[in-house]
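As the structure lists them, so they are numbered: ligands from 1, and atoms in each ligand from 1.
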Amino acid sequence: MKLLLPTLLLTSMVVACSFLQLSLAYTPSPPVGGVCDSKCEARCKTAGYKERCVKYCNVCCTKCRTCVPSGTYGNKSECPCYRDMRDNRGRPKCP
Ligand SMILES: *[C@@H]1O[C@H](CO)[C@@H](O)[C@H](O)[C@H]1NC(C)=O
């Protein structure tokens with residue numbers, strides 16, 4: 001049974017690697033975050049629930065390659081991805 005140890009090692013490496021890729025996939029990269037922060041700050045300047053607005057805006061911005069519509073509302077046709085994102089009740093997710 002000399003093959004058991006290398007096989008185990010290899011298997012655990014593959015598993016560890018796929019976990020790493022999963023966590024990387026869900027972590028927004030810092031440069032994108034910075035751009036989104038400032039764009040969402042502008043987008044949510046007049047929002048009533050500003051923190052919530054910024055939070056959702058950031059999610060959308062990150063998923064839509066930093067595209068955030070200009071102005072504090074509307075203009076969503078500038079970013080089809082942003083416009084079309086829905087929450088789990090089917091309502092528009094992005095401010
Ligand atoms: C669209 O964006 C412009 C700025 O680029 C802004 O002045 C205008 O108010 C926005 N439109 C709406 C409906 O918010």
How far does NZ of K50 sit from NZ of K55, to the nearest 0.5 angstrom? 16.0 Å

Give the residue and atom name of whichever protein heavy atom lies nearest to atom 5 (O) of ligand 1, and the separation in Å to one decimal. S70 OG, 3.3 Å

Got a protein heavy atom sitting under 4.0 Å from atom 7 (O) of ligand 1? no

Quick note on ligand 1: atoms under 4.0 Å from a heavy atom of N75 include exactly 1 (C), 2 (O), 3 (C), 8 (C), 10 (C), 11 (N), 12 (C)

Does some side-chain heavy atom of N75 sit less than 4.5 Å from a side-chain heavy atom of E78? yes

Under 4.0 Å to a heavy atom of G71 - the qualifying atoms of ligand 1, by number: 2 (O)

Compare all side-chain heavy atoms of C67 with those of Y82 and state whether any distance is below 4.5 angstrom. no

May I ask you to check if ligand 1 and Y73 share an N or O to N or O distance below 3.5 Å? yes

State whether the SG distance for the cysteine pair C81/C60 is less than 2.5 Å. no

SG proximity flag C40/C53, limit 2.5 angstrom: no

